[in-house]
Amino acid sequence: MSKDAIRWVVKDSSKPNVFWPSEEMKKKAWVSDEKIYEEAAKDPVAWWAKLAEDGIEWFKKWTETFVHEPPFYKWFVGGKLNICYNAVDRHVKTWRRNKAAILWEPEPLNEPHRVLTYYDLYREVNKFANVLKRLGVKKGDRVGIYLPMIPEVIIAMLACARIGAVHSVVFSAFSGQALKDRLLDAEAKVLVTADGYYRRGSIINLKSNADIGVEGTTVEKIVVVKRLGLNVNMVEGRDYWWHELMKDAEPYCEPEVLDSEDMHFILYTSGTTGKPKGIEHHVGGYAVQAYWTARLTFDLHDDDVFFCTADIGWITGHTYNCYGPLLNGATFVLYEGAPDYPAPDRWWQIVEKYGVTIFYTAPTAIRMLMKYGDEWVKKHDLSTLRLLGSVGEPINEEAWLWYFNVVGGGRCPIIDTWWQTETGGTLIHSLPGIGPFIPTVAGRPFPGTKFAVLTEDGKQASIGEVGYLVHLPPFAPGMLRTVYKDPERFKQQYFGVYGDTIYYTGDGAYIHDAMGNIRITGRVDDVMKVAGHRIANAEVENAIAQHTAVVECAVVPMPHDIKGEVPVAFVVLKPGYEPSNDLETEIKRIVDKLIGPIARPEKIFFVEDLPKTRSGKIMRRILRALLRNEPVGDVTTLMNPESVHRLKEIIWLKRS
Ligand code: WT7
């Protein structure tokens with residue numbers, strides 16, 4: 001590391017492991033005055049109105065800033081805008097025209113990287129918007145996007161936004177079946193995919209998954225990006241090559257004038273049932289939150305190089321690998337491949353290669369890279385870094401300190417950002433110019449937003465008391481507006497616990513100190529975070545239940561060194577079937593096929609029966625406790641208390 005690397009943080013003089021922004025950071029940061037919190041809190045609606053005006057170019061100003069009809073809410077009502085126009089056109093009219101927008105790093109080291117300037121992006125997006133129109137896509141139509149981390153994924157998303165089509169991006173590592181479920185629910189008209197892509201040196205045949213995915217759906221046309229030059233099946237009249245359609249596309253497409261509350265995109269995420277829900281984000285509020293959180297949370301400036309490692313298939317990818325940086329006219333790295341390919345220093349090599357200043361990743365990745373050892377990091381000059389971010393699950397102290405000391409050289413703040421697919425942008429974290437930065441403590445709510453930690457009976461929890469994290473009105477503008485085609489589920493899931501004016505996050509938390517910094521303890525519902533991925537227990541259970549040998553099963557999370565938690569399945573077999581390794585493999589394969597390898601159970605216990613209440617509800621709580629070797633509590637009220645002893649033995653046998 002070069003000796004003149006700037007220190008962006010200082011140690012607290014009295015408390016160990018508490019850090020504050022240095023003078024240099026305060027000087028550089030967009031905000032460094034603590035008063036911002038107080039000012040925003042005085043009138044949050046007026047505060048967001050000011051941000052909306054300053055950050056976004058509107059074709060027409062809104063008439064009402066915030067409208068609350070519990071449980072529903074709207075922002076910037078009557079306002080007209082286009083996100084694509086704000087993300088691209090706005091910049092090509094300025095000196096940023098030839099500024100790098102995307103620094104694309106392919107996985108193979110011998111392939112050249114690609115730089116797309118804002119002007120390049122402008123040209124490609126206009127053309128692809130015209131391609132979509134020619135394929136019959138109109139405002140409000142849904143377009144499925146099933147693409148790896150290549151520039152075309154950004155182009156496709158922006159092109160949708162330009163014509164007012166609704167994109168539904170599906171993670172490229174999801175199976176064809178998982179894609180199909182989402183395309184069916186979204187009733188997508190067109191799918192954009194690729195022939196394949198590289199992952200950890202091997203070739204993934206994406207188009208063959210896509211073919212499974214579109215079967216029996218409303219998808220009429222498929223656009224295929226040639227990433228690898230694979231020999232893929234192209235159906236005449238249905239499938240088209242991206243590059244062929246682009247060849248004779250018109251160069252300009254007028255951006256659609258959209259309403260602030262028009263739908264912008266759907267992104268599916270796991271709820272507490274087996275069916276993923278389509279989280280619906282709308283144009284105006286999302287644009288405002290994406291712009292301002294990218295800017296203030298990461299202190300994003302024109303001279304920064306932002307590298308967010310999240311896949312575009314997740315909300316983090318949407319907001320910080322596409323909309324947030326682009327709305328700000330920033331430069332960001334888009335990396336195609338795995339963090340440890342060809343070696344565990346790939347990310348650090350990328351940081352060095354592009355002079356990355358802001359690096360944003362997940363605790364699971366930090367733990368994995370930590371295991372590989374410090375020498376991989378130390379091989380590289382990371383002195384350009386000035387800010388590190390974390391997201392996706394609670395970060396443990398050991399990983400925090402390693403990230404801080406080894407990756408950040410003890411110089412960079414860690415912004416531990418709590419948020420959700422539902423919230424659209426970051427919401428609880430310290431601000432870079434204000435602090436504090438404390439391991440495992442996320443920080444305070446974003447200025448202009450209000451959160452609380454409530455007890456079971458709805459009272460404010462005291463400092464240090466674990467309770468339920470809730471978001472209070474006026475909800476952040478980027479919050480989901482509903483669950484696609486299922487307002488009832490929206491109501492139940494988020495406003496069914498404390499009433500229709502209190503948004504229930506599903507997370508446990510406690511207030512850490514008198515300043516109001518919040519520590520997140522993790523999900524309190526039947527949702528797991530597996531390597532940062534959100535997976536419902538019920539989704540995995542539904543998949544396993546598809547196997548002919550299975551009567552019933554229960555899936556619970558088990559702590560894991562690197563992934564945070566992993567799914568473990570308890571399976572009851574039909575009479576006539578015997579537990580075996582083959583059966584275990586088959587069950588894992590079914591999960592791979594129906595969801596994807598990220599949901600594959602780490603272990604499968606074949607059991608005679610599952611602990612149940614008298615009404616027949618499976619007691620997952622007991623299974624969790626058994627796995628963790630924790631006390632199970634009173635089991636006498638169970639329908640089958642004896643099952644618990646048998647389970648204990650089985651778990652013990654498999655361990656030893
Ligand atoms: C859930 C949301 C938000 C983008 C990625 C995940 C957990 C997220 C943190 C954090 C502790 C966190 C919560 C949340 N989570 N960030 N900084 N500290 N927990 O989005 O897949 O919708 O998952 O991730 O449990 O509810 P998601």
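In each ligand, atom 1 is the first atom listed, and ligand 1 is the first ligand listed. Note: hydrogens, waters and symmetry copies are ignored here, and every other heavy atom, side chains too, is used.
Residue Tyr360 holds its OH atom at 14.0 Å from CZ of Phe307, rounded to the nearest 0.5 Å.
Between Trp419 and Phe446, a ring centre-to-centre spacing not shorter than 6.0 Å is recorded. You'll find the ring centres of Phe437 and Trp400 outside the 6.0 Å limit.
The single protein non-hydrogen atom nearest to atom 3 (C) of ligand 1 is Trp419 O, 3.1 Å, given as residue, atom name and distance. Nearest protein heavy-atom contact of atom 22 (O) of ligand 1 is Thr421 OG1, 2.5 Å.
Side-chain contact annotation: Tyr494 with Glu422, donor-acceptor N/O pair under 3.5 Å present.
Set against the non-hydrogen atoms of Trp418, the atoms of ligand 1 under 4.0 Å away are 9 (C), 10 (C), 12 (C), 13 (C), 14 (C), 16 (N), 17 (N), 19 (N). The distance from ligand 1 to the heavy atoms of Thr316 drops below 4.0 Å at these ligand atoms: 4 (C), 5 (C). Listed by atom number, the atoms of ligand 1 under 4.0 Å from Arg534 heavy atoms are 2 (C), 21 (O), 22 (O), 23 (O), 27 (P). If you number the atoms of ligand 1 from 1 as listed, the ones under 4.0 Å from a heavy atom of Asp416 come out as 10 (C), 17 (N), 18 (N). Atoms of ligand 1 lying under 4.0 Å from at least one heavy atom of Arg523, given by number and element, are 14 (C), 25 (O), 26 (O). Close contacts between ligand 1 and Ile315 involve ligand atoms 4 (C) [criterion: under 4.0 Å to a heavy atom].
At under 3.5 Å, a nitrogen or oxygen of Thr417, whether backbone or side chain, sits near a nitrogen or oxygen of ligand 1. The N/O atoms of Gly392, backbone and side chain alike, include one that comes under 3.5 Å of an N/O atom in ligand 1.
If you look at His429 next to ligand 1, there are no close heavy atoms at all, none under 4.0 Å. Contacts between Gln420 and ligand 1 below 4.0 angstrom, taking non-hydrogen atoms only, involve backbone and side chain alike. At a 4.0 Å heavy-atom cut-off, ligand 1 touches Asp507 through the side chain alone.
Partners of Val466 by side-chain contact (heavy atoms from CB on, under 4.5 Å), not counting sequence neighbours, listed by chain and number: Tyr510, Thr521.
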CA sep, side-chain torsions, deciding dist, call: Arg386, Asp304, salt bridge (charged side-chain N to carboxylate O under 4.0 Å, His left out): CA-CA 9 Å; Arg386 70 179 186 94; Asp304 278 311; 2.9 Å; yes
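One N or O on the side chain of Tyr197 and one on the backbone of Ser172 form a donor-acceptor pair closer than 3.5 Å.
The residue among Glu393, His318, Lys529 with a heavy atom at the shortest distance from atom 6 (C) of ligand 1 is Lys529.
Remark: Glu565 does not engage Arg624 in a salt bridge, criterion side-chain N to carboxylate O under 4.0 Å.
With His471 as the fixed residue, the ring-ring contact (aromatic ring centres under 6.0 Å, His included) test singles out one of Tyr504, Phe451, Tyr498: Phe451.
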